[in-house]
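Below is one structure, written out as C-alpha cells; comments come after it.
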Amino acid sequence: MQLEIRPDPAEVGRARRWARSRLAGSGIGDEEPLAETLILLVSELVTNAVVHTGCPAVLRLSLPGGTAEPSTVRLEVADTSGRAPVPRCAGDEATGGRGLALVDGLADRWGWSVEGAGKRIWCELDRCAEPGEAEADHGGAEERRNVEECRGAVPAEPEPAYGGLAYEVV
C-alpha cells in the first residue's frame, strides 16, 4: 500500500494519519510500541523528503497479515531527488538535523538505494509475538531464542549505518 506525498510540510500529518489507519487495519493497535515507533519513523522520513528534496514522494508500508506472530513491518519513502541522505551531527541548540539518527536508533534495519532518477529510503521494524503466546512450547528452543532476541533479551550487535559516526540524540 502506498500514499503519494506532495512537497508540502502539511503532508507529514496526513502521512501519519494514513499510516495509523493502515496499522489499525492490519491488527496492530495504537497501544503497541511498534505502532508508536512506526509513526515516528513515518514522520521523520516523510519530513526529510518534504523538507530536504522539495520533490513529490511516495510512502509505502508493508504490513503483516494481521497475525500476532513475529513479523517485519517495512516502511519506504521514495522521491525523485538524486541527493543522497546525509546524516548530520546536530548541535545542542539545533531544532533539526537528528532525523536519520532517530531512524538509526529506532529501526531494526534501515538503508537507502538509488531508484530511477531518485532514491528510496527504507527501514524495518520487527514485531514480536504477543506475550504468553510465544512462551508456549510450540516449537522448541530455537523459537524461544528468536522471541527472546526480538524482546531484547539477547543483544544483537548493531551494524554501523553510517560508517561508524556517532550521534547523540538530545
Side-chain angles (χ1 to χ4, degrees), residues 1-52 56-79 85 87 90 95-113 119-136 138-139 143-156 158-159 161-162 167-170:
M1 55 189 102
Q2 68 181 33
L3 175 69
E4 293 185 18
I5 305 289
R6 295 181 311 272
D8 174 359
E11 290 289 88
V12 178
R14 187 170 76 94
R16 283 193 303 265
R17 288 187 299 276
W18 178 83
R20 273 192 193 97
S21 71
R22 296 311 172 270
L23 288 173
S26 74
I28 298 174
D30 282 343
E31 71 285 350
E32 284 192 50
L34 177 116
E36 295 174 13
T37 302
L38 185 72
I39 297 304
L40 178 56
L41 291 169
V42 165
S43 262
E44 291 302 327
L45 292 182
V46 171
T47 297
N48 282 353
V50 167
V51 170
H52 297 294
V58 175
L59 168 63
R60 294 183 187 106
L61 281 178
S62 297
L63 300 168
T67 102
E69 294 298 313
S71 55
T72 298
V73 176
R74 185 176 174 99
L75 161 66
E76 299 178 357
V77 176
D79 61 54
T95 59
R98 295 177 182 86
L100 289 178
L102 282 171
V103 172
D104 185 53
L106 294 173
D108 291 302
R109 289 163 299 285
W110 80 276
W112 71 280
S113 59
K119 66 186 164 304
R120 175 185 340 170
I121 300 176
W122 59 269
C123 62
E124 294 178 338
L125 293 171
D126 294 328
R127 182 181 190 203
C128 298
E130 293 296 320
E133 291 179 22
E135 294 166 84
H138 294 294
E143 285 79 4
R144 282 193 300 280
R145 187 189 66 73
N146 289 341
V147 168
E148 288 170 358
E149 195 171 280
C150 189
R151 287 188 183 152
V154 180
E159 296 179 24
Y162 7 91
Y167 293 85
E168 179 179 339
V169 178
V170 179

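Count residues from 1 along the sequence. Computed from a predicted model, the values in this text were never measured in an experiment.
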Set of residues satisfying side-chain contact (heavy atoms from CB on, under 4.5 Å) with respect to Val50, sequence neighbours excluded
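By the side-chain contact (heavy atoms from CB on, under 4.5 Å) rule, Val50 matches Ile5, Pro9, Val46.
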
My understanding is that only residues two or more places apart in sequence, or in another chain, count here; which of them pass side-chain contact (heavy atoms from CB on, under 4.5 Å) with Ala19?
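With sequence neighbours excluded, Ala19 shows a side-chain contact (heavy atoms from CB on, under 4.5 Å) to Ile39, Val42, Leu61, given in chain and number order.
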
When rounded to the nearest 0.5 angstrom, what distance separates [atom1] in [X] from [atom2] in [Y]?
X      : Y      : atom1 : atom2 : answer
Glu76  : Glu124 : CD    : CD    : 8.5 Å
Trp110 : Leu45  : CH2   : CG    : 8.5 Å
Leu3   : Arg60  : CG    : CZ    : 11.5 Å
Leu75  : Leu59  : CG    : CG    : 6.0 Å
Asp108 : Thr37  : CG    : OG1   : 9.5 Å

Minimum heavy-atom separation for [X] and [Y], please, with both atom names.
X      : Y      : answer
Cys123 : Leu41  : SG-CD1, 3.9 Å
Gly27  : Arg127 : O-NH2, 3.5 Å
Ala107 : Leu125 : CA-CD2, 3.8 Å

Would a 4.5 Å heavy-atom cut-off, applied to side chains only, mark [X] and [Y] as touching?
X      : Y      : answer
Trp122 : Arg109 : yes
Leu38  : Ile28  : no
Pro85  : Asn48  : no
Pro56  : Glu4   : no

Not counting sequence neighbours, which residues clear salt bridge (Lys or Arg N to Asp or Glu O under 4.0 Å) with Glu36? List them please.
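Not a single residue meets the salt bridge (Lys or Arg N to Asp or Glu O under 4.0 Å) criterion with Glu36.
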
For the pair Ser21 (side chain) and Trp18 (backbone), establish whether a donor and an acceptor sit closer than 3.5 Å, ignoring hydrogens and angles.
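Between the backbone of Trp18 and the side chain of Ser21 there is a qualifying donor-acceptor contact (under 3.5 Å).
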
Check side-chain hydrogen bond (donor to acceptor under 3.5 Å, both in side chains) between Thr72 and all other residues, then give those that pass, not counting sequence neighbours.
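side-chain hydrogen bond (donor to acceptor under 3.5 Å, both in side chains) check on Thr72 returns Asp126.
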
Would you mind listing every salt bridge (charged side-chain N to carboxylate O under 4.0 Å, His left out) that reaches into residues 12-29, with sequence neighbours excluded?
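For residues 12-29: Glu11-Arg14.
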
